[in-house]
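The structure appears below as structure tokens.
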2 protein chains.
Amino acid sequence: MSIAPRRIRNPKKRPTQRRRGNTRSDNRRDELLAAAARLFSKNGFEATSMRDIANEVGMLAGSMYYHFPAKDDLIVAAHAEGVQELLRAMDKALDGVVGGWERLEAACVAHLDNLLGGSDIAGVVAVDFSQLPEELRARLIEQRDEYEGRLAQLIDGLELREGVDRRLMRLSLLGSLNWTPNWFRADGQTPASIARHFVALLREGVA
Amino acid sequence: MSIAPRRIRNPKKRPTQRRRGNTRSDNRRDELLAAAARLFSKNGFEATSMRDIANEVGMLAGSMYYHFPAKDDLIVAAHAEGVQELLRAMDKALDGVVGGWERLEAACVAHLDNLLGGSDIAGVVAVDFSQLPEELRARLIEQRDEYEGRLAQLIDGLELREGVDRRLMRLSLLGSLNWTPNWFRADGQTPASIARHFVALLREGVA
DNA sequence: CACCCACTACCAAGCGGTTGTCTGGTTGGG
DNA sequence: CCCAACCAGACAACCGCTTGGTAGTGGGTG
């Protein structure tokens, strides 16, 4: 067996989470998180090394372990940051928009804009995590639940034909959106246009 | 800079491709390809090491370089194998089926069956490659083109409402299908059922 | 048919480099 | 002056890949 490409070196006790006492103004934890999210979304989780991230903010790799007890925790924290940014973008895009379909469309446009925008932290949410070790994977899924729950709410607010499975509808739409990094080219259609098309396809059908 | 987690050690001339002369019956190249495809689809490209693959077939890591000049070439070859298997499955599923939508549905069912089937080599096609180095990524995209072209043909054969972007329709459907490994659970709906739902959503719309 | 040798298909060992992580020391702001 | 927030450097493990050697097998020859 031993199909364990992931290296687990020291399963011993995690050093108790930092960030308990007072902080100083030169704390670069947030800077670190942003850099991590950027690199993760550009190169993936496994392909981004601790040194890459540290180097991005001008710090040594070992120093990051003052802020995060392990790489997995950095991943989780950066991912959480990305989800929060997506949620904020969603709220902003939804502000003042009325009508079920209009709201769903606005949310999808915001989603793709942030996913394919490039410079953003939110791109980390689109990083494929289907092959991560089960434990880490579970933590990321849990974080996404809030966001997907919001999407589910938007879909629940729609009037649909009878017999439509709203869960599968959500997963289908999310798949369409999250697969775009695999084929998107910056010189083609805009993310917003793509998102609107996807929603329209789903809404009206093609036949 | 130096955001180059991928290691490029020897840019020198590739050893001219093997497999020129006579072969012997104890050639385990195919066995190697199958094992690679299995591990890639389970753990991803970067997370699967040469030693993992070699170990799977009971061979030493270095020995694989007799068959493939580099890991990238193994990836390409295994991916090609997966695509071929998908094509065969598609042909088989399409055999005797008439009607545009029926054919598209049959193809999608075959697609998901192979993707989520688990034990199959075809799963390698669903592995996210959006973060692979550009050159390798391009080679994989090229291989998929034949398969996606087939899907495009199926879609071209449909009678659709006016103004439907068939390319975006294909990409949307493919996204829905290929994103399923991120949420699929073996104890829920069957892959075939999911595929049929997705096609139905797209066909009839939800509103 | 037996022999033989070339060559396929590996093994064994190790290369330089990178990985995540740890330990112990240093520093400057509150 | 204390401690948050780093640096410097090392650790073993593992990475993709190379080199040099060798077993055994198949085709060719007598």
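In this text, all values refer to a predicted model and were calculated from it rather than measured experimentally. Chain naming here is simple, since letters A, B, ... match the order of the sequence lines and numbering starts at 1 in each.
For A:H111 and A:Y147, the ring centers sit closer than 6.0 Å to each other. Between B:F45 and B:H79, the gap from one ring centroid to the other reaches at least 6.0 Å.
When the side-chain nitrogen and oxygen atoms of B:H67 are compared with OP1 and OP2 of C:dC10, one or more of them lie within a distance under 4.0 Å. A sub-4.0 Å separation between OP1 or OP2 of D:dC6 and a side-chain N or O of A:Y66 is absent. Taking only side-chain nitrogens and oxygens, A:S49 never comes nearer than 4.0 Å to OP1 or OP2 of C:dT18. The side chain of A:R28 places an N or O atom within less than 4.0 Å of a non-bridging phosphate oxygen (OP1 or OP2) of D:dC6.
Ranking D:dC6, C:dG20, C:dC10 by closeness to the A:M50 side chain, first place goes to C:dG20. For B:R51, whose side chain is taken as the heavy atoms from C-beta onward, the closest listed nucleotide among C:dC11, D:dC7, D:dC15 is D:dC15. Picking from D:dC17, C:dA12, D:dC15 the nucleotide with the shortest atom distance to the side chain of B:K71 gives D:dC17. Listed candidates were C:dT21, D:dG16, C:dC11. Nearest to the side chain of B:Y65 is D:dG16.
When each of B:S63 and A:G62 is assigned the nucleotide of DNA chain D with its nearest heavy atom, A:G62 is the one assigned upstream, toward the 5' end.
Counting heavy atoms from C-beta outward, B:F184 and B:L112 have side chains that stay 4.5 Å or more apart. Here the side chains of B:D128 and A:S130 are not in contact, with every heavy-atom distance at 4.5 Å or above.
Judged by distance alone, with hydrogens and angles left aside, the side-chain atoms of B:T48 form a donor-acceptor pair with the main-chain N or O of B:G44 at under 3.5 Å.
When rounded to the nearest whole Å, the span between CG of B:N43 and P of D:dC15 equals 12 Å. With rounding to whole Å, A:N55 atom CG is found 12 Å from D:dC7 atom P. Regarding B:L74, its CG atom lies at a distance of 13 Å from the C1' atom of D:dC17, rounded to whole Å. The separation between A:M64 atom CE and D:dA8 atom P is 15 Å, rounded to whole Å. If you take CZ of A:F40 and C1' of C:dG20, they are 12 Å apart, rounded to a whole angstrom. Atom CD1 in A:I75 sits roughly 14 Å away from atom P in C:dT19 (whole-Å rounding). Between B:I53 atom CD1 and D:dC17 atom C1' there is a gap of 14 Å when expressed in whole angstrom units. Spacing between atom CG of B:L60 and atom C1' of D:dA23 amounts to 14 Å, rounded to whole angstrom units.
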